Protein chains: 2
Amino acid sequence: MKKIPKPALERLFLYYRLLLSAHNNGEKIISSVEMGKRLDLDPAQIRKDLTYCGEFGKPRIGYRVEGLMNELQTVLGLGERKQAVLVGVGRLGMAIYSYSGFAKFGLEIIGLFDSDPTKVGLNLGGQTIMNIAQLGEFIRQKRVPLGIITAPAASAQQVADIMVDAGICAIWNFAPVTLKVPENISIRNEDLAIGLATLSWNLINSGCPYIQPTEDELD
Amino acid sequence: MKKIPKPALERLFLYYRLLLSAHNNGEKIISSVEMGKRLDLDPAQIRKDLTYCGEFGKPRIGYRVEGLMNELQTVLGLGERKQAVLVGVGRLGMAIYSYSGFAKFGLEIIGLFDSDPTKVGLNLGGQTIMNIAQLGEFIRQKRVPLGIITAPAASAQQVADIMVDAGICAIWNFAPVTLKVPENISIRNEDLAIGLATLSWNLINSGCPYIQPTEDELD
DNA sequence: TAGATTGTTAATCGATTAACAATC
DNA sequence: TAGATTGTTAATCGATTAACAATC
């Protein structure tokens with residue numbers, strides 16, 4: 001398995017989603033130039049990225065939409081079932097749990113957990129929220145490879161420790177905190193506040209007329 | 001205003017949040033080594049990043065927690081009020097709207113919009129959900145600098161067009177689609193499915209014992 | 001002082017972009 | 001064929017890491 005640079009890996013998924021949409025739209029062939037237009041990316045970069053997943057393009061023609069789509073699905077493992085537990089059934093947790101878009105890529109949330117006794121026992125979309133005390137045992141027994149943390153920052157590390165101890169392989173972390181995990185565990189931080197912070201910086205440095213300069217703004 | 005590379009800008013926010021926590025914890029001084037330990041980053045990188053926001057460290061001593069925190073707050077504009085509209089009051093939209101963590105960094109969502117007539121008129125946390133037809137006028141009148149899109153992919157571009165036309169300066173996009181906007185508009189895509197896809201790839205390429213060939217999983 | 005830590009310069013690393021021969 | 005598009009190599013760009021003099 002050829003190593004794929006992280007930025008390229010993320011783009012591969014964008015290509016996959018684009019191809020899925022093109023396929024549903026009845027398109028048979030697509031060129032790197034056309035993909036670049038739709039995704040606002042350099043066609044050369046797209047071609048380069050696609051070399052990480054085998055060769056499919058034909059000079060003068062372009063890429064077969066369905067073939068490339070299937071190849072990407074295989075490479076990214078999007079066709080595999082990925083069972084997961086979700087810990088922290090707040091609004092964000094519920095949003096992720098109920099979002100059908102992830103199921104298309106193989107995500108199956110098979111266990112909901114919370115530490116709040118008023119939530120434990122509630123039924124949500126056919127699943128009963130369990131006490132966090134049962135988390136480790138559940139992961140071990142069901143051999144759950146993926147953990148989703150939508151718990152508050154204060155308890156996120158504790159949750160991660162339980163998951164790791166129970167043998168989980170990957171963590172999707174939405175808590176705004178840097179988790180300490182062994183390096184064989186793969187972790188993805190969706191730190192939404194970072195996005196807000198970068199937009200904040202852009203706003204005050206872009207001369208937006210709708211932002212009222214406090215006193216220090218003049219360049 | 002010195003230009004700040006994007007990855008450095010994102011880390012600056014991590015430093016800010018760390019300092020906020022250290023400050024609340026009563027810490028007065030912190031070194032780049034200590035920050036590196038807590039954030040799992042190279043101390044040299046931290047020192048380098050911090051040069052983008054003025055000089056604060058003292059050799060042999062470290063950084064003054066409060067001073068550096070305040071400086072970062074100013075640089076990132078986190079103390080400024082950032083008024084925003086949110087379009088698409090589904091579960092994710094509600095999660096973002098009701099998350100108090102963003103308010104700490106200056107976010108103020110002052111308008112909720114949806115195209116679903118059964119939602120328009122409902123009251124949510126003191127605000128009435130408005131019809132998307134009023135979006136442009138609202139932005140113009142209130143001079144709203146920031147738009148948050150939590151609408152479905154299919155309508156996201158249309159929403160963005162209205163926002164841009166009304167003079168919005170920045171867009172925080174949660175819809176899984178590449179939006180076309182003029183290049184003077186700053187945009188941040190929080191494409192959560194990318195995270196899932198990278199974890200998916202990691203799972204199938206890391207030899208996770210809890211991941212089995214698909215046929216074993218059928219039941 | 002002696003030692004720890006900064007800010008900065010230089011070296012390394014990795015990713016993007018450009019160029020173009022090969023190809024259909 | 002002529003022309004468009006690929007895959008790949010080389011050049012460029014930018015970010016990270018290493019090294020170390022300056023400093024308190």
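Residue numbers begin at 1 in each chain, while the letters A, B, ... track the order of the sequences. Hydrogens, waters and symmetry mates are skipped; everything else that's a heavy atom, side chains included, is used. Note that the structure is a prediction, hence the values are computed from the model and not measured.
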Run the side-chain contact (heavy atoms from CB on, under 4.5 Å) test on B:L9 and B:L76 for me, step by step, so that the C-alpha distance in whole Å, both residues' side-chain angles and the decisive distance to 0.1 Å come before the verdict.
CA-CA 8 Å; B:L9 179 61; B:L76 296 172; 3.5 Å; yes
Whole-Å distance between [N] [atom2] and [X] [atom1]?
{"X": "A:L68", "N": "D:dT6", "atom1": "CG", "atom2": "P", "value": "11 Å"}
{"X": "A:I46", "N": "C:dA18", "atom1": "CD1", "atom2": "P", "value": "14 Å"}
{"X": "B:I30", "N": "C:dT6", "atom1": "CD1", "atom2": "P", "value": "10 Å"}
{"X": "B:D49", "N": "D:dG14", "atom1": "CG", "atom2": "C1'", "value": "14 Å"}
{"X": "A:Q45", "N": "C:dA15", "atom1": "CD", "atom2": "P", "value": "11 Å"}
{"X": "B:R64", "N": "D:dC24", "atom1": "CZ", "atom2": "P", "value": "14 Å"}
{"X": "A:K37", "N": "D:dT5", "atom1": "NZ", "atom2": "C1'", "value": "13 Å"}
{"X": "B:R60", "N": "C:dT6", "atom1": "CZ", "atom2": "P", "value": "12 Å"}

I want to confirm an ordering. Mapping A:K58 and A:A44 to their closest nucleotides on DNA chain C, which one lands closer to the 5' end?
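So the residue in question is A:A44.
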Take B:V33 and A:A8, find for each the nucleotide of DNA chain C with the closest heavy atom, and name the residue whose nucleotide sits nearer the 5' end.
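Checking each residue's closest nucleotide, the 5'-ward one belongs to B:V33.
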State which of C:dT6, D:dT6, D:dA15 makes the closest approach to the side chain of A:P59.
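Given the options C:dT6, D:dT6, D:dA15, the side chain of A:P59 is closest to D:dT6.
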Which nucleotide, D:dT5, C:dT16, C:dA10, lies nearest any side-chain atom of B:K48?
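Within the option list, the nearest is C:dA10.
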Taking 4.0 angstrom as the limit, do A:E10 and A:R188 come out as a salt bridge?
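Looking at A:R188 together with A:E10, the answer is yes, because their closest N to O distance falls below 4.0 Å.
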Would you tell me if any nitrogen or oxygen in the side chain of [X] comes within less than 4.0 Å of OP1 or OP2 on [N]?
{"X": "B:R11", "N": "D:dA15", "answer": "no"}
{"X": "A:Y52", "N": "C:dA15", "answer": "no"}
{"X": "B:S31", "N": "C:dA4", "answer": "no"}
{"X": "A:S32", "N": "D:dT6", "answer": "yes"}
{"X": "A:R47", "N": "D:dG7", "answer": "no"}

Taking a pair as Watson-Crick (N1 to N3 plus N6-O4 or O6-N4) or G-U wobble (N1-O2 and O6-N3), both under 3.5 Å, which stems of 3 or more consecutive pairs involve DNA chain C?
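Looking at DNA chain C, the stems formed by three or more consecutive pairs are C:3-24 with D:3-24.
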A:K180 atom NZ, over 12 foreign heavy atoms within 6.0 Å
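Counting other residues, nucleotides and ligands, NZ of A:K180 exceeds 12 neighbours.
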Tell me, yes or no, whether the heavy-atom count around A:Q158 atom CD, taken from other residues, nucleotides or ligands under 6.0 Å, exceeds 12.
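No, not enclosed.
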Side-chain heavy atoms of B:I46 within contact of B:Y15, under 4.5 Å
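Answer yes - side chains close enough.
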Listing, residues 99-108 of chain A side-chain donor-acceptor contacts under 3.5 Å, not counting sequence neighbours, or none:
| unit_1 | atom_1 | unit_2 | atom_2 | d |
| --- | --- | --- | --- | --- |
| A:E108 | OE1 | A:R81 | NH2 | 3.0 |
| A:E108 | OE1 | A:Q83 | NE2 | 3.4 |
| A:E108 | OE2 | A:R81 | NE | 2.7 |

Are side-chain N/O atoms of B:Q157 and B:D161 paired as donor and acceptor at under 3.5 Å?
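Checked: B:Q157/B:D161 side chains pair up, N/O donor to acceptor below 3.5 Å.
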